**Q** 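Got a structure for you, written out below as structure tokens; questions coming shortly.
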Amino acid sequence: MKAGIVIFPGINRERDMAIALRRSGAEPRMIWHKETDLAGLDLIVIPGGFSHGDYLRCGAMAAHSPVMTAVRRHVARGGYLLGVCNGFQILTEAGLLPGALLRNASLRFLSMDCHLRVERTDTVFTSHYQRRQVFRAVMAHGDGNYFADDATLDRLEGDGLVALRYATPSSEIAPEANRNGSARSIAGILSPNLRVLGLMPHPEDLVDPLMGGTDGKPLFDALAAA
Amino acid sequence: MKATVTVMLKPGVLDPQGKAIGHALHTLGFGNVGEVRAGKVIELELAESDPERAHAVAEEMARKLLANTVIESFRVLVDA
């Protein structure tokens, strides 16, 4: 698995992402956002942070960076793409995933643990989890409130493209587990070919007992083994 | 030539900022205020002398970058 991590000005989670990938056996290279040649990579990761200061809208400027043309080519030829937090926002702004991330319903920046329920396991990202398994992840965002119109939400659910939902530790979908107010408790969605995943919480934050847990490690193990 | 682009969340898209402003206005005693919506105003200085072209180019900018049409609508105004 040859992986690359894209860095825009203001991205600050690239080293955590590299640690998570390395811990699972993938050796990532860092890609500056002005690069346009991503040939030879199997996986591209867009990590979290505050690209271009979150000006205008989170991810709006980064979505038009030179590297994104190469990212589109990578996706078109069936490459794997993972966007976490600001990375997810960038993927929606670039139109690579549907919908948008709105300001959290509470208007508060949420920095806390959440629990994610795995909705399908036949993907390169989730194959090391069990269906309906709940794992812990850290969220740290001000704009993570997933929005799409009803037709898009119905299509995502109908086609099984909701990968992860906010849930209680006992796997229930409940308003109190959906702290940012996301439509239908959606935390992560897939592309129709199942090779692009965007999610708001940070699985890379829990990949070592020293970090307080290894709940996120199966995601990177599955990717590295692909 | 100056163009002004006003970007607003579409009707039906939750606007927690507008809600918070509404609450604050009520707290200040403005009981007669109903729904409040918050948006953005972007002023563009354009190297164009034809108002129609200025309008068209500002609209293209809004569609490509200034607004996210999944959640926002926009209005362009050109100063003659």
Side-chain angles (χ1 to χ4, degrees), chain A residues 51-66 68-69 72 86 88-110 141-153 155-156 175 178-186 189 198, chain B residues 1-28 30 33-48 54-78:
Chain A
S51 58
H52 300 276
D54 276 352
Y55 290 164
L56 191 61
R57 293 178 307 278
C58 302
M61 315 283 183
H64 298 285
S65 261
M68 290 308 288
T69 307
R72 278 175 210 284
N86 194 208
F88 184 18
Q89 294 164 337
I90 292 167
L91 295 190
T92 60
E93 279 285 342
L96 287 164
L97 287 172
L101 283 311
L102 300 175
R103 183 66 44 90
N104 293 340
S106 63
L107 279 179
R108 292 194 172 88
F109 189 98
L110 295 171
H141 58 245
D143 301 69
N145 179 353
Y146 184 71
F147 172 89
D149 59 40
D150 284 331
T152 304
L153 292 170
R155 181 177 62 75
L156 284 171
N178 182 20
R179 299 294 297 268
N180 58 27
S182 288
R184 304 189 193 179
S185 291
I186 291 173
I189 54 169
Chain B
M1 188 151 256
K2 200 174 103 182
T4 305
V5 182
T6 306
V7 181
M8 299 295 295
L9 286 171
K10 284 180 179 172
V13 177
L14 182 73
D15 177 8
Q17 263 186 117
K19 268 197 171 160
I21 295 167
H23 280 305
L25 289 172
H26 277 268
T27 308
L28 283 171
F30 295 102
V33 67
E35 198 190 6
V36 179
R37 310 276 292 170
K40 289 184 197 105
V41 174
I42 299 157
E43 293 181 345
L44 305 163
E45 196 58 54
L46 298 175
E48 291 281 352
H55 196 279
V57 79
E59 227 175 69
E60 196 190 347
M61 290 174 184
R63 258 195 309 275
K64 281 198 172 153
L65 179 68
L66 305 180
N68 176 348
T69 55
V70 174
I71 47 170
E72 295 167 327
S73 59
F74 62 86
R75 204 174 57 229
V76 174
L77 212 72
V78 173

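Fair warning: this is a prediction, and the values are worked out from it, not measured in the lab. We name chains A, B, ... by the order of the sequence lines, and we start the count at 1 in each one.
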**Q** Relative to chain A, which of B:Val70, B:Ile71, B:Leu65 shows the most heavy atom pairs under 4.5 Å?
**A**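 Winner by heavy-atom pair count: B:Leu65.
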
**Q** So what's closer than 4.5 Å to chain A heavy atoms on B:Glu72: side chain, backbone, both or neither?
**A**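 The answer is the side chain of B:Glu72.
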
**Q** Can you confirm whether more than 12 heavy atoms, excluding those of A:Tyr55, are under 6.0 Å from its OH atom?
**A**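 For A:Tyr55, atom OH is not crowded (no more than 12 foreign heavy atoms under 6.0 Å).
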
**Q** Return the minimal non-hydrogen interatomic distance between B:Lys64 and A:His64, and the atom names on each side.
**A**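 Minimum heavy-atom separation between B:Lys64 and A:His64: O-NE2, 3.1 Å.
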
**Q** Less than 4.5 Å apart, side chain to side chain, heavy atoms only: is that true for B:Ile42 and A:Leu56?
**A**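 Counting from C-beta outward, B:Ile42 and A:Leu56 do come under 4.5 Å.
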
**Q** Measure across A:Ala105 and B:Leu14 and return the closest heavy-atom pair with its distance rounded to 0.1 Å.
**A**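 Reported closest heavy-atom pair: CB-CD2, 4.1 Å.
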
**Q** Working to the nearest 0.5 Å, report the span between CD of A:Gln89 and CG of B:Asn68.
**A**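 Going from the CD atom of A:Gln89 to the CG atom of B:Asn68 covers 11.5 Å.
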
**Q** Just wondering, more than 12 heavy atoms not from B:Arg75 lying within 6.0 Å of its CZ?
**A**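 At most 12 heavy atoms, drawn from other residues, nucleotides or ligands, come within 6.0 Å of this atom.
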
**Q** Out of curiosity, A:Arg57 CZ to B:Lys40 NZ, how far, rounded to the nearest 0.5 Å?
**A**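 The CZ atom of A:Arg57 sits 6.0 Å away from the NZ atom of B:Lys40.
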
**Q** Listed by residue number, which members of residues 144-152 of chain A have a heavy atom under 4.5 Å from any heavy atom of chain B?
**A**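 Residues A:Asn145, A:Phe147 are the ones that qualify, each having a heavy atom under 4.5 Å from chain B.
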
**Q** Counting only heavy atoms not in A:Arg184, do more than 12 fall under 6.0 Å of its CZ?
**A**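 For A:Arg184, atom CZ is crowded (more than 12 foreign heavy atoms under 6.0 Å).
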
